[in-house]
Number of protein chains: 2
Amino acid sequence: MSKKKSRYAPTLNDVARESGVSAITVSRCFRHPEKVSDAVRKRVMETVEKLGYVPNSAASALASRRTDVIGLLLPSLNNNVYLDVVSGAFDRAHGTRHAIQIGNHKYSPLEEEKLIRIFLQQNPAGLIVAGGEQTEAATEMLREADCRVVQIMDTDVDPIDLVIGLDHERAAGEAVAGLLARGYERIGFLGARMDTRSQKRLAGYRRVIGDSGGEERIATSPMPSSARLGAQLLADLFARYPDTDAVFTNNDDIALGAYLECQRRAIRMPEDFGIVGFNDMDLLEELNPSLSTVRTDRYRMGHDSVDRLIALADTARPEGAAVLDLGHACMWRGTTREA
Amino acid sequence: MSKKKSRYAPTLNDVARESGVSAITVSRCFRHPEKVSDAVRKRVMETVEKLGYVPNSAASALASRRTDVIGLLLPSLNNNVYLDVVSGAFDRAHGTRHAIQIGNHKYSPLEEEKLIRIFLQQNPAGLIVAGGEQTEAATEMLREADCRVVQIMDTDVDPIDLVIGLDHERAAGEAVAGLLARGYERIGFLGARMDTRSQKRLAGYRRVIGDSGGEERIATSPMPSSARLGAQLLADLFARYPDTDAVFTNNDDIALGAYLECQRRAIRMPEDFGIVGFNDMDLLEELNPSLSTVRTDRYRMGHDSVDRLIALADTARPEGAAVLDLGHACMWRGTTREA
DNA sequence: ACCGTGAATGATTGCGCTGTCATTGGCAAT
DNA sequence: ATTGCCAATGACAGCGCAATCATTCACGGT
């Protein structure tokens, strides 16, 4: 046993010799099992078990010009929203031969373009990109890509193969309309890290407020979301619009901050003030009163996009791109009055 | 030209031809830049830029029997604790040629063993494993592995190359001792998902309670942590020990649940009841009163383990394994009295 | 008996890169 | 001038696998 090298790692050839078949037959047992007779496959698989053979993915990738890697490009890893996506993606990939490779571009389109180039160069089995803020070059690469691409989070992006997301503008609009329906009249918007999705939520807020003839009351910050920032934004909003009686927030972190700021100011919820968050993080349902919010199914976005990519792997680009709207659900809970 | 294919993807040879050097020299510019003269390297790198060349990692891995992948084996992806580790690991790997490959074994040692086998077979640049609950076979594989292994989270594991973590038993003991020092006398323990780390925290609780001559008051559940479960566990504890005046909890989710249950029961914190959580999730500092907890540096565990692995890649197993204790910090905040 | 058919299996080749060893040439010490 | 040495660069082979094409063989229809 040398100090280095897992030297006895068996190869395809070892398995083939041991099972009395040719190497390619062993290969087929993994890649195209339907092309091998049951008897042979069983024998080969027993040898595989016995020797502890694990295919060398580098060799496989080199020979077939195709890896089993599904790339998952995200704008952040500091956010529960994306953790849910990751979790769904990994759950679906688990037990398949596919691996998920995460890339984090930190909301930088240039960084994203770089990652897309690197990922595509490795011939992935598929690619999942979050959000539709790519550079032109990146979009072009995705269009030309030799693998299927799933765009997640938003539905209103320029589709390539498949889009799985929701309509943030509509979801926000519905939440704000729900506040109006519940008798709140002077509704504000709190938002942090105003990326495109946040912009869309703001647009939904504006549309509904505009339609209702109400006044826009907006407090935003380019900083990343946090509860602390949420409290500051609400304080800011109150400073400018003291009679605000409800807020719709960009996400649940901000909502929690606003919620706690209300508690500090002894503002009664839902009687005198309403809050609606966005995303439905588990924790916040437990508060008293519990937080009203808009539920989005991030787990399923991750899960289903991997599911579709596995199904679509090795297929040609479909004629028309499909858009899967997973929708949303307004969860009216304790921080808003009854309708 | 086939119907698809990132067709003009340039290879090493293209770069070599274009720069007027041999292929191996281009290779060296990437793998061993110090062995190439500055002039040549500059010229080659310009060509690389010009052609948009990206090395084919499969070919590189096959030829060198070494990938640039650092495996990160985690017991869960539904938990902020591990998200922080992931985040730190990705941040450190960003911009290097190394990629992080996550594996999620969902607290199953058998699954972990399988993942370790698969990962090692790909000749990773390094491996990070969380927790010390491996099967014997898994431990053996890690010991024989042809790459450096970093064990994170705990410090009291049987070390292989490098351990980066903290002493959960000690941290818990300190937290409980802190509660005693703050005048709480009938202290309970709430715990969910009693994995080894939770067991260690429980052991720390027991030690300190035992030393103080107090009575053990323990409510645990095998279920995954959640705020809801925390509330239930506290209710359970009160049912059995109505005079409990403080709890140390397994983690912050449980602590939040206990906190909210106290609010529902109108129990005053910190006067009549103390709570100390574990992990220091950002959100909970914002509560009123803010949650006392034990801060642990998960981000740094992820970050530093990648950092060390990059430094140690291609080195032999060191003689003595090193243990890096990142320590912890008891954050005495609003849910506990002054000392 | 003959052929055609198709399922099962095998032989060959090369994917793109890097380890190894060989070669070149410049320079300091003799 | 000669030697030895080292830095810089190159030629070649082969990593482990799968695409491609070739071969074998059983079987049913005529």
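A, B, ... follow the sequence lines: proteins, then strands. Residue 1 opens every chain. The analysis underlying the following values was restricted to heavy atoms, covering all of them including side chains, and did not include hydrogens, waters or symmetry mates.
Asn13(A) places its CG atom 12 Å from the C1' atom of dA18(D), with the value rounded to the nearest Å. Here dC17(D) presents its P atom at 11 Å from CD1 of Ile24(A), a figure rounded to the nearest Å. Atom P of nucleotide dC17(D) and atom CZ of Arg97(A) are separated by 15 Å, given to the nearest angstrom.
The nearest pair of heavy atoms linking Gln101(B) to Ile100(A) is NE2-O, 2.9 Å. Minimum interatomic distance between Leu309(A) and Val149(A) (heavy atoms only, all atoms of both residues): CD2-N, 4.4 Å.
With a heavy-atom cut-off of 4.0 Å to chain B, the contacted part of DNA chain C has its first and last nucleotide at dG16(C) to dG19(C).
Distance check, rounded to the nearest 0.5 Å: CG of Asn104(B) to CG of Asp91(A) gives 6.5 Å. Note: Gln134(B) CD to Leu110(B) CG = 12.5 Å, rounded to the nearest 0.5 Å.
Remark: Glu319(B) CD is loosely packed, at most 12 non-hydrogen atoms of other residues, nucleotides or ligands lying under 6.0 Å away.
Salt bridge annotation for Arg300(A)-Asp307(A): absent, with no cationic side-chain nitrogen under 4.0 angstrom from a carboxylate oxygen. Using a 4.0 Å cut-off between charged nitrogen and carboxylate oxygen, Arg65(B) and Asp146(B) do not count as a salt-bridge pair.
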List every contact pair, protein side and nucleotides 21-27 of chain D side both N or O, where the distance is under 3.5 Å.
none

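Between Asp161(A) and the options Arg148(A), Gln151(A), Arg143(A), a side-chain hydrogen bond (donor to acceptor under 3.5 Å, both in side chains) holds for only Arg148(A).
Only Arg31(B), His32(B), listed by number, bring a heavy atom of residues 29-45 of chain B to less than 4.0 angstrom from any atom of DNA chain C. If you check residues 53-64 of chain B against DNA chain D, the residues with a heavy atom closer than 4.0 Å are Leu62(B), Ala63(B), listed by number.
Rounded to 10 degrees, the angle between the two end axes of the helix from dA1(C)-dT30(D) to dT30(C)-dA1(D) is 30°, with five pairs used at each end.
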N/O donor-acceptor pairs under 3.5 Å from side chains in residues 21-30 of chain B, not counting sequence neighbours:
| from | atom 1 | to | atom 2 | distance (Å) |
| --- | --- | --- | --- | --- |
| Ser22(B) | OG | Thr25(B) | OG1 | 3.2 |

